[in-house]
Structure formats: C-alpha cells, structure tokens
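To start, the structure under review is shown below, and the notes come after it.
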Amino acid sequence: MLDLLTTGLHGWGPQLLSGTAMTIAVALSSFLLGLAFGAAAGAAKLSDSLVLRGLAELYTTAVRGVPELLVIYLLFFGGSGMIMAVAGIFGYGGLIELNAFSIGVAAVGLISGAYSTEVIRGAVKSVPYGQIEAARACGMGRWRILRRVLVPQTLRFALPGLGNVWQLTLKDTALISVTALAEIMRVAHTAAGSTRQSFLFYSVAALLYLALTTVSTTAFQQAERYASRGVRRA
Amino acid sequence: MKKILLALVLGALAAGSAVPAMAKDAKKIRIASEGAFAPWNGMDSSGKLVGFEIDLAWDLCKRIEADCELIAMDWDGMIPSLQQGKIDAIMAGMTITDERKKVIAFAGPYGTEQSTFATLKSSKLAGAGVGAERVDLADEAAAKPAVAKLAELLKGKTVGVQTSTIQVDFLEKYLPDVTVRNYDKIDNAAIDLAAGRVDAIFGDRSPVEALMRAAGTDKMTLFGPAMTRGVLGEGMGVGLRKADAELKGRLDMAIADANKDGTIATLSQKHFGYDVSVR
Amino acid sequence: MNWTLMWDSLPRLLAALPLTLQLVAMALAFGAVLAFATALLRLSGNRVAVALTSAYTFIFRGTPLLVQIFLIYYGLSQIDLIRDSVLWPVLSQPMWCAILALALNTGAYTSEILRGAIETVPQGQVEAARACGMSRVRLFRRIVLPMAIRQMLPAYGNEVILMVKASSLASTITMMEITGVARRMIAQTFAVFEIFIVAGILYLLINFVATRLIKHAEWRMTPYLRARA
C-alpha cells in the first residue's frame, strides 16, 4: 500500500501523504481553536450579561447559517485586515500577516466553534445543579468546583456531541483547498488537473477521508467508553 | 461566574493568537503565480512552480538584488491577497487592464499574448467561416466586422473561460448572446470541452495551445480571430500594490534591462518557441 | 464600508437566488426519496440490502461533499463508458451533477435520521395497531410513518439548513448561484466585505424562512400537544 502510494499514482503519492498530514494538522488545530471559541461563547451564553449573550447568539446564528465556503472566502480575502482591526482594539498596532495555514485554521476553527458552543452549553447545563450545591456544601471554592465537578462531567456529556463536531471539522477542511493550502483535496485537485485522472485522484481523496473519519469515530467511541467508566450501566 | 468567563475568553484568545502571527521578513518579496497556465507558469509533479514567468521572476529578483519567494496561489485570490499583504507581487500571466489598474499597480509589461477560441476538431465551429486573422480591439472600427461575425457564429453557444479574466470581460462586452461558464483554471475548461460540456473555450493563446498538446485535451483546434488590446489589455505585467511605488520603479527598470539585453527573448524562445516580449 | 456598493450588489445577488433555491429544492426532493428507500431497505433485515445501504451512508457521510461533487462532475466525465451512455445528457449538465451530489449527500444523512425516528416509535403502538387488524403496509402508512416524521422534523430542519449552505459548493463546478455570483463580483470590485455580507444575509434569510416553515410543519403535525381552547 505504502509502496503504491510512493511510486504509483503518477508520482503524486508522496504529495498525497503529506496532504493527509496537512489535513490532520489543520483539522486538529481548528478543532482545538473551535473548542476555545466554543467554551468562550458557551460561557457567554450562560452568563447573566445580556450583551455577552447577544454577541454569542449572533456568532452562532451567523456562522451556522452562512455557507462554510463563504466564511472561508471572507477570511481568505479579508482575513488579515479583520485580524489587524481586532488586534487594534486590544492595542496592538503591528502588521499581522496570515499564511494559508493560519487562515484555514482560523476559518474552520470559527465554524467548528459555533457548533462546539451548543454542545458545550448543553453539556454544562446537564450537570445537575444539586452537585454544585453539594460541592459548595463541602466547602469547595469556585475554581475547585470548576475543575473537580463541572469540567469532568461536562466533558463526559459533551463527548458524543464533540465527536460529531470533529467529523464536521475534518470534512470542512476540504473547503480550505480554495486557499491553495496543500491538504488532501488541494493535492487531489492539482493532480487531477495535471494528469487528467480526475476519477482516480478524487477517489483516492475520498478513501483518505474515509480512513480518517473511520479512525476518529473509533477513537471517540473509545474515549466515550473511558469517560463513562465510572457510570453505572443498566 | 465572571472570573470563569474571563479565564475562558483569555484562554480562547491565547489559543487563537498562538496559531497565526507570522512575522514578515522585511526584505523578502513574495511573488505569487498560479501554476496552471503553461507555458507562462506551470507546475511539475513535485508541486514546484516552473515556466517562463518563474524563470523571469528569479532573473528580475537578481537584477533588483532582492530576496524572493515564489508562492503558488489560486488565480482569483491573487489581487485580494496582494491588497491584504499576503503577497507582494503577482506574476501569473496577468494582463494590464484599466479595470485592474484601478486597484493595483503594474510594472512592465514584460510579455504579450493574443486571446483566441478553441473547440473540438469534430465540432462544427472548427471549420466555421471566421478566419484566423489578427484583430486589434483598440481600433474599434476595424475590429467591428470580425467581432460581429464571431457573435453570429457563437450565438446561443456555451463558452468556457477562466474566471476573472480579460476573456470574461470580452465576452460580456461583445458577445452577450453567449452562455459563459466560469472555471477556476483554464485546464478544467479544456477538460469540459473534451467531455462535450461546453462548445468552445476562450483564453490566452499559448496556454490554450499547450493544452492542445496535453493528454486528454489533444482533440482541440483553434478557431476565430486572434485578438489583442482594447478590453483585452496591454500585455502581461507584474501586479503590485499601489503603495509600493519604489518597488514598481525598480521592477520597471529591471524589466527594461531584461528586454534590452535579450533575456526575455531568450527565456521566451525556451518556453514558447517564439518571442512574446514587448517591443 | 461602502453602502452604495452593497446596495448595488443586491440585484445581481438576488438574481442568483432562484438558482440556489432550485438547487436546494431539487436536492431535498430527490434526497427525501432516496432517504426513504434507504431507510426502508436498511430496516428490511435483508442482508444484501442492509450491506448496500450501510455502505452508501458510510461513504457519503464519511467524505466531504466537495470530494463528492468533484468526483461526480470531473471524475465521471472522464470515463468513456459514462460519456457514451444514456446518462450523459444528464451528467453533462453541471446543474444535474450538483443536484445529484447534493441529493446523494442529504439522502445519506436523512436516511439515518429517518431510521432513528422509525426505531423510536413505541412498540406498544405497533402492537395496538396489529391488534386492530391493520396490515403491515397500512400499519406503516398510518401509524409508524406519521409518528416517525413528527419525531424527525427538528433534526430534518437542521439538514435543510445544511443543504442550503451546501448548495454554495455548486459554485465550484461553474454554477452561478449566490456564492458563484458573489465570487465573480469580488473579482470585479474587490469589495470583499460588502459583497460577502450581502450574500451572507441572503443565506441567513433563506435559512430563517426554512426554519419557520419546518417549525410550522411541526406545529401542524402535533395538534395534540397544543392547549385546547
């Protein structure tokens, strides 16, 4: 198999392999960035502040209602200017330049975050309030409650949802091929164009994505089993 | 809850800022090319940019004593990327036009190209009446009959073009009865011509001719007039930000030098087999 | 922000709206038929049918839609057998390729939603219907399907929104729907923000209307949940 990839496929094998690595790198980074966005927006949605709630609502509604491709184009064509404007608000006046990788990660992370928000918010809410009261009664401080009670249980509740978000994120990385970042889809597109073997290369790309989604589904199932090891089963 | 929130927001910002922020190397000039427009610019199977403009880019960099980096990029993302500062120059078979001059500056031109139609050898269009004469669109009166003949011939037909090119501008201005299909690359338009999805393609002559030699799209033939100027612009130039006037000055000089000492003509012979330099 | 430009871009983007709606409507219609057939075959218990439908949903849910669209548009057109077949008049049209890809994609997801919903229909209901002497077909048509459809509506609403968004990918195979026109206009005006904001708002509006329609359908289908006057 490896032999076929390196020597076969009209010499595009190595590029496809590095494209796969790039897809994994982009997907992981965007997923983590999305988790950060999701945690922030989730917390904002659960906060008492009307402004924060409104902003978080705007973020999730807009990003989930607009095509991913459009979000990616927007960041690709207008990203640096936008980031610089945001940095300006925080008092940073320097020139920030984004390469295709960071733009891709920012765009997919933004999309992934909008979906993570709902998952995280739901998971936090599903931790019974009595547990927090009990923790307080035991004399735990805020941080300890967060660390010992809220986060571990939230994670468990959130895992299945986050598994879905991960699959979504992984598949959305294919769209950033429009920014010319050499991930699976981009390599397949270039190879198909130069060898005229569209069917072959898009099929290989599909197989690579299938392999990635299958492996990660299994991984998430393992993680779910691990996270709920302390839960009694009927 | 407020503290938690603050921590989460800060965490998100930290995670966000850890990813981007690539510092700019002050001297390095980043030149974007497409890699799907041979012989102007193409790509070998290791993903490396090759072609006339790539060789010329390195030559010009040497002349202006700059450190350069060549980046492959999609065609229609180039001008926004230039404006955004993601790249510093474009050498991608980009014709100097009035429309583009509104938003960016050009050094050069360093080469010229005619626009021409191609269709399948088996198509009725292939043998059709339009001769392969040269048409100068800057001379409206002289160009009129040829354009009218073309409009008649292509009425109701579907023509594939690369998106955001001078050829799209031409079709929109002169041939309103033609259905235009926009492709990301001219290669894909040619593939669809071979598959019978479009009746003809319209593009710069040498890339179309290169496609006629490539496997899978070799059943094509040129037809109609070879057109230049007017809406089709004044030759290929190096696209630059308007603010970089100093760089434009240096590149203009370098291009003039390369023209004078025959470098452009030599490179052109190597990649095209004929001279594309501007006299 | 250039407000005039935003206003001026509106007519051209609106002109692309019918194509977007057409893509979505056709994809959803064909997708629903496909989903229905797939879910039934999947639940049929026939080993071959289960294997085939599982493979279909596995492949179409496990790969990006962009790959599917390119595979159908560029991949199939490369094969002589297909170019000479009766399918070619259909597959030579980018419109039909886009609809086919979108329908296959949504069909795979919707079949899973439908299957899940059918499985949640309480066994007692089925038993009661059998006790009333209903045949299998009638039982399915009168009891199982209406309950399943009610059950699946919220999830299906999400799927509709995903399809509206997915239709933007048709722009990668030369379709000039909203995203395609937006991209073309960016290339002409270089006003990235203005045009994407207008296009984005159009999509949000479509999705808003779609959500309302689904909510309305849900309301219509659950009269027993409404408070009695």
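Everything quoted here is computed from the prediction, not taken from an experiment. To find a chain, count down the sequence lines: A is the first, B the second, and so on, and within it residues start at 1.
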C/L162 versus chain A, heavy atoms under 4.5 Å apart: side chain, backbone, both or neither? side chain
Looking at C/E177 and C/A170, what are the two nearest heavy atoms and their distance? CG-CB, 4.3 Å
Interface moiety of A/S177 toward chain C, non-hydrogen atoms closer than 4.5 Å: side chain
Enter the distance from A/E183:CD to A/T173:OG1 here, rounded to the nearest 0.5 Å. 6.0 Å
What are the two closest non-hydrogen atoms of C/G31 and C/T106, and how far apart are they? CA-CG2, 3.8 Å
State whether the side chain of A/T61 and the backbone N or O of A/E57 hold a donor-acceptor pair below 3.5 Å, judged by distance alone. yes
Structural part of C/I59 lying under 4.5 Å from a heavy atom of chain A: both
Heavy-atom pairs under 4.5 Å with chain A: which of C/F58, C/F208, C/F196, C/Y73 has the most? C/F196
Using non-hydrogen atoms only, which part of C/I161 is less than 4.5 Å away from chain A: side chain, backbone, both, or neither? side chain
Distance-only, no hydrogens or angles: does the A/Y115 side chain make a donor-acceptor pair with backbone N or O of A/G161 under 3.5 Å? no
Bottom line for C/S171: the part with an atom under 4.5 Å from chain A's heavy atoms is side chain
